[in-house]
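These notes concern the structure reproduced below.
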Amino acid sequence: MTRRQTSGARHSLKQDNNQKVTFAKSASAPFVTNSDIEIPIGKRTLFYRFFEIITPVLTFSVIILAVILSWINAFWGAVYILVWVILFFVKGLGVLYSMVLGRNNFYKSITIDWHRRLLDLQEGKVSHHDKTEFLYEKHQRCVALYTDQKRIEMPIEKVYHLVIMAAYNESFEVIDATMKSLVDTTYNKDRMIICLAYEQRGGEDIAKTARLLKTKYQDNFADFVTVEHPDGLPNEVIGKGGNITYAGKYMSQYLKQQGIDSRFVIVTTLDSDNKPHPMYFDYVTYEYVIYKDRKQLSFQPVSLFLNNIWDAPAPARVIATGNSFWNLICSVRPYALRNFASHSQPMDALEDMNFWSVRTIVEDGHQYWRSYFHFNGHYAVIPIYLPIYQDAVMSETYRKTLKAQFMQLRRWAYGVSDVPYVALNLAKRHTDNMFKGVVKLLMLMESVVSLGISSIIIAFGGWLPLLFNRAAHHSIEAHQLPITISFIQKIAMVGIIAMVVFSIIMLPPKPKRYKKTRYLMMVLQWALIPITSILYSSLSSLYSQFRLMTGRYLDKFDVTEKTLVKDK
């Protein structure tokens with residue numbers, strides 16, 4: 001094994017709006033050890049294989065049953081399909097409501113001076129009285145509750161932010177843009193430690209990039225550390241989880257050497273193209289110090305794939321914007337909010353659970369379940385209504401971009417592999433709220449099934465009785481089904497129109513290299529939704545489920561290529 005570490009010269013170390021989180025460690029259900037929450041290696045048990053198979057079977061059965069019923073009896077086939085379409089429509093209404101609410105929370109939050117609010121906590125008084133501000137009443141309560149005792153227990157001035165940035169073979173320009181965004185944050189840089197975790201398999205180019213970045217930015221932060229993740233470590237899949245876990249373990253020892261208590265360190269994982277909002281770290285610190293059981297929390301920002309949205313091809317733009325909206329939607333759904341992409345978690349919690357899983361390619365979403373079972377159900381994700389901007393998929397050619405987009409979505413869809421993991425942990429241990437755990441499992445399964453079938457049923461379901469049943473040509477129900485679904489789709493266009501409007505509002509400034517007509521393309525691109533929904537969202541989900549069902553596990557993290565376009 002090899003390891004590289006350098007220190008910077010400026011080394012000063014020598015939920016909903018009223019969400020309440022109160023946990024208590026149960027004597028009957030102590031927190032589990034990290035070995036108890038790891039994904040199995042090798043051959044699965046029959047129990048585990050059953051739950052690997054059951055969700056894909058349900059997904060494919062919905063589609064197959066629609067064909068069989070349409071073939072046997074046109075009427076019952078039409079009823080079956082219409083029930084599914086109505087369910088998706090009702091679910092879509094809820095999604096639309098959450099999208100509007102999430103968008104409102106987001107735009108209110110970015111107008112707040114979170115750095116000033118953090119100072120209010122330190123000073124013990126509210127510095128202004130603008131009652132129209134978002135979460136103002138909560139802020140008043142937080143300032144009142146952040147008593148001298150809490151200041152002694154968790155003093156804000158002692159809180160460090162450790163940023164672990166994962167890199168594989170990205171260019172200097174890509175990572176440099178992220179580093180600039182970290183320099184521009186408002187949090188005290190003497191309390192920020194940067195760890196660039198790069199892969200040995202990335203070759204000498206990424207090692208050289210790490211050295212250049214260290215030289216350029218070492219004076220901007222409390223410390224700048226580079227850690228090389230060795231290739232081929234045992235029991236690791238090729239992925240981000242192994243890289244950031246190796247770096248996390250190294251930094252844990254580093255903090256001990258520096259005499260820094262892990263309780264005062266918040267760890268944020270970033271991809272090399274991520275750009276946090278300038279006040280993101282202030283906001284996270286604010287939320288971290290006000291909660292009593294902060295160790296059992298993580299903090300989830302809104303991931304917006306807008307960095308290069310003007311340059312990406314139209315299909316990638318539609319998918320990236322849709323994913324951004326989904327993250328806004330999840331931010332106002334505490335019951336559904338889970339870790340995704342970049343997020344923050346206390347170092348002492350990560351040490352207890354041996355950091356992230358090294359056996360899955362979806363270490364971000366899996367971290368939620370890993371934490372949930374480590375704390376026996378006493379775990380929550382706190383929404384941070386500020387963005388971390390990320391890149392839309394864009395490769396050097398149009399064809400490569402389309403392929404890379406599918407590979408990214410199939411990796412995300414492989415979150416279906418968490419179903420057997422959750423089922424196993426619910427079966428072998430009793431959390432303090434077993435009912436809540438079972439509901440979460442069912443919600444996970446439902447989301448996986450819906451992702452795989454919704455676009456296909458909506459697009460083709462209305463024609464199945466006419467295609468597979470000759471007698472259906474004389475059936476009123478079979479002829480009315482496409483008309484009825486078409487009418488429902490027209491109503492659903494309200495949601496599409498809202499997405500189009502919001503997407504234009506959310507756009508970053510237009511690069512000078514594009515004319516104003518580019519805005520027209522940003523509107524017309526939404527005509528691709530039926531194509532992207534079927535060919536990417538549904539098929540990537542079906543592909544991942546089929547791989548899991550047949551035991552052909554996805555065990556390699558396909559790094560999404562990142563390409564920069566600059567004005568001449």
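When a residue number appears, it is its place in the shown sequence, counting from 1.
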Criterion side-chain hydrogen bond (donor to acceptor under 3.5 Å, both in side chains) on Tyr414 and Arg410, from CA distance to verdict | CA-CA 6 Å; Tyr414 200 63; Arg410 79 170 186 182; over 6 Å; no
Exercise. Evaluate the side chain to side chain contact (heavy atoms under 4.5 Å, CB included) criterion for residues Tyr280 and Thr185: first the C-alpha distance (whole Å), next the side-chain angles of each, then the deciding distance (0.1 Å), finally the verdict.
Key: CA-CA 8 Å; Tyr280 171 75; Thr185 56; over 6 Å; no
field: Heavy-atom check, side chain of Asp555 versus side chain of Ile238, under 4.5 Å
entry: no
| query | Can you find a heavy atom in the side chain of Leu182 that is under 4.5 Å from one in the side chain of Leu270? | reply | yes
Side chain of [X], backbone of [Y]: donor and acceptor closer than 3.5 Å?
X      : Y      : value
Asn243 : Ala197 : yes
Arg359 : Ile39  : yes
Arg49  : Met549 : yes
Tyr421 : Ile37  : yes
Thr532 : Ile529 : yes
Tyr536 : Leu402 : yes
Asn307 : Asp273 : yes
Gln300 : Ser331 : no
Thr178 : Ser272 : yes

Indicate yes or no: does [X] engage [Y] in a salt bridge with an N to O separation below 4.0 Å.
X      : Y      : answer
Lys180 : Asp176 : yes
Lys240 : Asp271 : yes
Arg513 : Asp311 : yes

_Tell me if the aromatic rings of Phe468 and Trp463 count as close, with their centers under 6.0 Å from one another._
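Between Phe468 and Trp463, the centre distance exceeds or equals 6.0 Å.
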Nearest non-hydrogen partners of [X] and [Y], listed with the distance:
X      : Y      : result
Thr268 : Ser344 : OG1-OG, 2.6 Å
Arg201 : Gly239 : NH2-N, 4.4 Å
His229 : Glu199 : ND1-OE1, 2.7 Å
Pro313 : Met394 : CD-CG, 4.2 Å
Ala312 : Ala392 : CB-CB, 4.1 Å
Asp391 : Phe305 : O-CD2, 3.5 Å

Check: [X]/[Y] side-chain N/O donor and acceptor closer than 3.5 Å:
X      : Y      : answer
Ser357 : Gln367 : no
Thr401 : Ser395 : no
Ser298 : Tyr379 : yes
Arg103 : Tyr107 : no
Tyr389 : Ser181 : no

Taking the inter-plane angle between the rings of Trp84 and Tyr80 on a 0 to 90° scale, is it parallel (under 30°), tilted (30 to 60°) or perpendicular (over 60°)? perpendicular
### Query
Considering residues at least two apart in sequence or located in another chain, which fulfil the ring-ring contact (aromatic ring centres under 6.0 Å, His included) criterion with Tyr283?
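With sequence neighbours excluded, Tyr283 shows a ring-ring contact (aromatic ring centres under 6.0 Å, His included) to Trp114, given in chain and number order.
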Would you mind writing out the side-chain donor-acceptor pairs for residues 54-65 within the sub-3.5 Å range, not counting sequence neighbours?
{"from": "Thr59", "atom 1": "OG1", "to": "Thr55", "atom 2": "O", "distance (Å)": "3.0"}
{"from": "Thr59", "atom 1": "OG1", "to": "Gln545", "atom 2": "OE1", "distance (Å)": "2.7"}
{"from": "Ser61", "atom 1": "OG", "to": "Val57", "atom 2": "O", "distance (Å)": "2.5"}

Taking everything shown except [X] itself, do over 12 heavy atoms lie less than 6.0 Å from its [atom1]?
X      : atom1 : answer
Phe487 : CZ    : no
Met521 : CE    : no
Phe47  : CZ    : yes

Any residue meeting side chain to side chain donor-acceptor pair (under 3.5 Å) with Ser450, in chain and number order, not counting sequence neighbours: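 So Ser450 forms a side chain to side chain donor-acceptor pair (under 3.5 Å) with Lys91, Glu446.
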When rounded to the nearest 0.5 Å, the distance separating CD1 of Ile491 from CZ of Phe89 is 4.5 Å
